[in-house]
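In what follows, a single structure is set out as structure tokens and then discussed.
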Amino acid sequence: MAFVKEEEEKVNFFNVKERVEAIVKSFLKQLADPSKTPAFLSLSKRKASGRVFSSKGSFSKTPRPKKYNIINHPIKVAQILQVLDCIHEAIETESVVTKRDIFYHDVQLFKKQSVVDELIEDLACTIGCPRSALNVEASGKGLVYGPLSITLQEGEKLETSKPTLISYHPISFLKSTANWVLVVEKEAVFQTLVERGLEDTILITAKGFPDLSTRKFLLEITKYLPELPIFGIFDWDPYGILIYSCYKHGSKASGYENSMLLPQLQFLGPFDQDIFPENYSYSLSFGKRDTTIARNLLQSDCLRCEPHIREQLQRMLFLQKKAELQAIPNLFKWTEKKLLETKADSKIGLAGTHIR
């Protein structure tokens with residue numbers, strides 16, 4: 001199956017390069033005017049602008065931007081200007097830079113990688129665009145494996161017949177003979193399924209919470225192969241449900257990344273009946289953090305339309321139990337069976353539609 005994508009829509013809210021230049025020009029204009037005291041740079045803090053999941057389960061309001069003036073925050077101002085310079089160069093040269101590249105551009109200035117990471121997210125939030133529009137990508141951590149052939153815009157072809165790191169590459173064509181995509185929470189489970197040879201399946205893992213490169217790659221698959229269903233398996237615990245929700249509905253940390261949502265993702269399991277009563281001995285006790293996450297998820301808007309997920313969280317809270325994917329003794333056979341059941345259900349649904 002293959003689908004040739006039309007020309008990808010460009011970010012059309014405004015010209016990102018011009019916005020970057022405007023921020024720097026405004027700062028320089030303040031410096032040149034002795035009547036202004038003192039010159040400052042203003043950033044919207046992405047951590048305070050969550051869109052989906054908050055501790056109270058509601059949408060949070062965006063606070064006033066944080067101002068850094070050159071007298072009280074000289075290092076922070078220098079850090080922001082350095083990051084803006086790297087972003088401007090990447091956009092102007094139509095290249096892509098990683099967060100790690102920016103950090104090594106001036107290690108003494110940034111001190112820690114986390115400083116660059118936070119500034120990139122805050123600048124994307126300030127400008128109001130996805131991080132990818134800044135031509136900045138995180139170093140890849142996600143893996144993909146399966147019957148998938150990718151042609152990059154430069155003409156290079158990539159095969160994923162062995163686990164392949166997901167990183168930013170503009171794609172011009174993508175094809176596959178797979179029947180479905182399976183998102184796996186944990187790398188250990190991903191590797192098990194690879195070793196056992198799960199057929200007709202594109203396997204993807206972000207090794208926990210999904211990074212933007214993995215989420216963007218999944219969206220590329222939906223654009224080129226829109227008919228391909230996407231399923232996910234996650235630990236039977238609040239943390240696993242939170243990771244599932246991050247893939248499907250987004251996260252508080254990058255709530256402005258509206259274009260990175262994956263509403264097509266279907267929760268394959270496990271459900272409580274896959275754990276109890278046969279595998280009860282593999283279950284684990286709930287902790288305070290588990291209870292907090294479960295209650296917050298139940299109060300959030302993102303799961304209101306998914307009663308089957310809410311029911312699982314309620315059962316966890318009632319039983320005060322949780323379980324990892326590995327609690328299922330023969331995980332490979334279980335996964336294979338679950339996928340085949342979805343195929344059978346799909347055929348039944350199509351037959352019913354035809355009859356009506």
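Computed from a predicted structure; not experimentally measured. All values below were derived from every heavy atom in this structure, side-chain atoms included, with hydrogens, water molecules and symmetry-related copies excluded.
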Would you indicate whether the side-chain heavy atoms of [Y] and [X] approach each other to under 4.5 Å?
X: Ile150; Y: Glu220; answer: no
X: Pro210; Y: Ile243; answer: yes
X: Thr291; Y: Leu317; answer: yes
X: Ile204; Y: Ile221; answer: yes
X: Thr192; Y: Leu325; answer: no
X: Arg196; Y: Glu336; answer: no
X: Glu121; Y: Lys99; answer: yes
X: Asp200; Y: Thr177; answer: no

Look up atom [atom1] in [X] and atom [atom2] in [Y], then write down how far apart they are to the nearest 0.5 Å.
X: Leu119; Y: Lys76; atom1: CG; atom2: NZ; value: 4.5 Å
X: Leu228; Y: Asn179; atom1: CG; atom2: CG; value: 8.0 Å
X: Lys67; Y: Phe40; atom1: NZ; atom2: CZ; value: 4.0 Å
X: Asp211; Y: Arg215; atom1: CG; atom2: CZ; value: 9.0 Å
X: Leu41; Y: Leu84; atom1: CG; atom2: CG; value: 7.5 Å

For [X] and [Y], work out which heavy atoms get closest and say how close.
X: Pro38; Y: Ile70; value: CB-CG2, 4.3 Å
X: Asn135; Y: Ala90; value: ND2-O, 3.3 Å
X: Leu81; Y: Val24; value: CD2-CG2, 4.5 Å
X: Asp237; Y: Gly240; value: OD1-N, 2.6 Å
X: Ala178; Y: Ile202; value: CB-CG1, 3.7 Å

Within a reach of under 6.0 Å around [atom1] of [X], are more than 12 heavy atoms found that belong to other residues, nucleotides or ligands?
X: Glu199; atom1: CD; answer: no
X: Gln320; atom1: CD; answer: yes
X: Arg310; atom1: CZ; answer: yes

Among Trp236, Phe231, Tyr244, ring-ring contact (aromatic ring centres under 6.0 Å, His included) partner for Phe267:
Tyr244

Any donor and acceptor pair, going by atom type alone, linking the side chain of Thr126 with main-chain N or O of Asp122 inside 3.5 Å?
yes

Specify whether Tyr247 and Phe234 have parallel, tilted or perpendicular ring planes, treating 30° as the upper limit for parallel and 60° as the lower limit for perpendicular.
tilted

Over 60° means perpendicular and under 30° means parallel, so classify the ring planes of His308 and Phe271, tilted if in between.
tilted

Centroid separation under 6.0 Å, is that true for the rings of Tyr239 and Phe209?
yes

Partner of Lys322 under salt bridge (charged side-chain N to carboxylate O under 4.0 Å, His left out), picked from Asp272, Asp290, Asp235, is Asp290

Arg315 and Glu311: CA distance, side-chain angles, deciding distance, salt bridge (charged side-chain N to carboxylate O under 4.0 Å, His left out) verdict
CA-CA 6 Å; Arg315 287 180 180 273; Glu311 182 183 359; 3.1 Å; yes

